[in-house]
Structures are given as structure tokens and as C-alpha cells.
Amino acid sequence: MNKKFTIYIVLGTMLFSLAQVSVAAPVQWTLASGGNGHWYDEIDFCETWTSSNADAQNQIFNGMLGHLATITSAEENAFIWANLSANKRWLGGFKTGADWNWVTGEDFTFTNWAPVEPNNLGGYENFLQFTPD
């Protein structure tokens with residue numbers, strides 16, 4: 001799927017919080033199901049990436065702080081879309097110069113860009129967002 005959306009993550013017992021309307025409970029991509037053990041949750045949407053990033057860093061789940069989500073594989077992307085709402089979301093991706101980075105410092109190797117993206121519309125698209133088709 002070529003979609004864009006916002007999510008947060010807490011590692012160890014990772015919590016990816018998708019910034020939008022809260023869901024009943026966080027969902028875990030379990031190791032037993034081939035996942036990474038991370039937890040995913042949705043929270044109220046913030047209009048800017050900076051606000052969402054700050055909000056994500058203030059989320060606490062199982063004693064761990066959150067951050068905007070990093071999607072590092074097609075399987076993780078599919079899990080998120082299958083288990084959370086398809087609302088507009090900020091991801092933990094940001095651009096420095098011509099390079100895309102994750103807020104966690106992980107390698108930015110997986111991409112699932114929508115057609116003609118990233119296009120740097122207006123010369124100021126420096127943050128990663130998923131939006132529904």
C-alpha cells in the first residue's frame with residue numbers, strides 16, 4: 001500500500017503511537033507472529049510534525065517513552081495498516097539536506113513512497129507523513 005500516516009514508537013516494549021483519534025488499546029506486533037515485539041497506539045493528531053514528535057516523546061507505556069514511529073520493513077508497514085486506522089499520520093522520518101533519517105537513528109532503508117513522492121513540493125517537505133489513499 002502506498003499510504004502515509006503518523007505513528008509513535010517506544011522500543012523494548014516499543015509503542016508506536018499513531019497521532020489521531022485514540023483506539024481502545026495498543027496493539028503489539030508479537031515475536032511469535034513474526035513481528036518485532038513493538039507496541040502501536042494512536043493518539044490525538046497534531047497539525048505539525050514538530051508537535052507530534054514532542055507529543056510522542058511524552059507518551060509513556062510500560063515505563064518506556066515513545067517516539068514517532070519508524071517503519072523499517074514491508075511486513076511492519078502491512079501490520080500497522082491491518083491493525084490501526086488509516087487516518088493521516090506523521091512518521092518519525094525527517095530530511096537533512098537530501099537524506100532521509102529516522103528519529104531513532106535506524107538506517108532509512110525501507111521506503112514505500114506514494115507515486116511521485118518524495119517531491120519536495122514548494123521546497124519545504126522535510127517530514128514524513130502517511131495519508132490515506
Could you check if a side-chain atom of Phe94 sits within less than 4.5 angstrom of a side-chain atom of Thr96, using non-hydrogen atoms only?
yes
Within this structure, what is the CG-OG1 distance for the pair Leu68 and Thr50, rounded to the nearest 0.5 Å?
9.5 Å
Working note: Val27 + Phe79, criterion side-chain contact (heavy atoms from CB on, under 4.5 Å); need CA distance, chi angles, decisive distance, verdict.
CA-CA 10 Å; Val27 294; Phe79 173 83; 4.2 Å; yes
Do Glu117 and Glu125 touch side chain to side chain, with heavy atoms closer than 4.5 Å?
yes
Side-chain heavy atoms of Asn101 within contact of Phe108, under 4.5 Å:
no
Passing candidate, side chain to side chain contact (heavy atoms under 4.5 Å, CB included) with Thr70, options Leu128, Leu91, Thr104:
Thr104
Answer yes or no: is there a donor N or O on one side and an acceptor on the other, between the side chain of Asn58 and the main chain of Ala54, under 3.5 Å?
yes
Quick one: are Glu106 and Thr72 in side-chain contact, heavy atoms under 4.5 Å?
yes
What's the separation between atom CG in Leu31 and atom NE2 in His38, rounded to the nearest 0.5 Å?
8.5 Å
Taking all heavy atoms of Tyr40 and all of Asn36, pick out the closest pair and write down the distance.
OH-ND2, 3.3 Å
Has Gln28 got a side-chain atom pairing as donor or acceptor with Gly37's backbone, closer than 3.5 angstrom?
yes
Does a side-chain heavy-atom distance below 4.5 Å link Glu76 with Trp29?
yes
Side chain to side chain donor-acceptor pair (under 3.5 Å) filter on Asn83, not counting sequence neighbours, yields none
Could you tell me which non-hydrogen atom of Val116 sits nearest to which non-hydrogen atom of Asn119, and how far apart they are?
O-CB, 3.1 Å
Between atom CD1 of Ile71 and atom CG of Asn112, what is the distance when rounded to the nearest 0.5 Å?
8.5 Å
Between the CZ atom in Phe110 and the CD atom in Glu75, the distance rounded to the nearest 0.5 Å is 8.0 Å
Are Trp100 and Pro118 side-chain neighbours, meaning at least one heavy-atom pair lies under 4.5 Å?
yes
Nearest 0.5 Å, what's the CH2-CG distance between Trp102 and Asp107?
11.5 Å
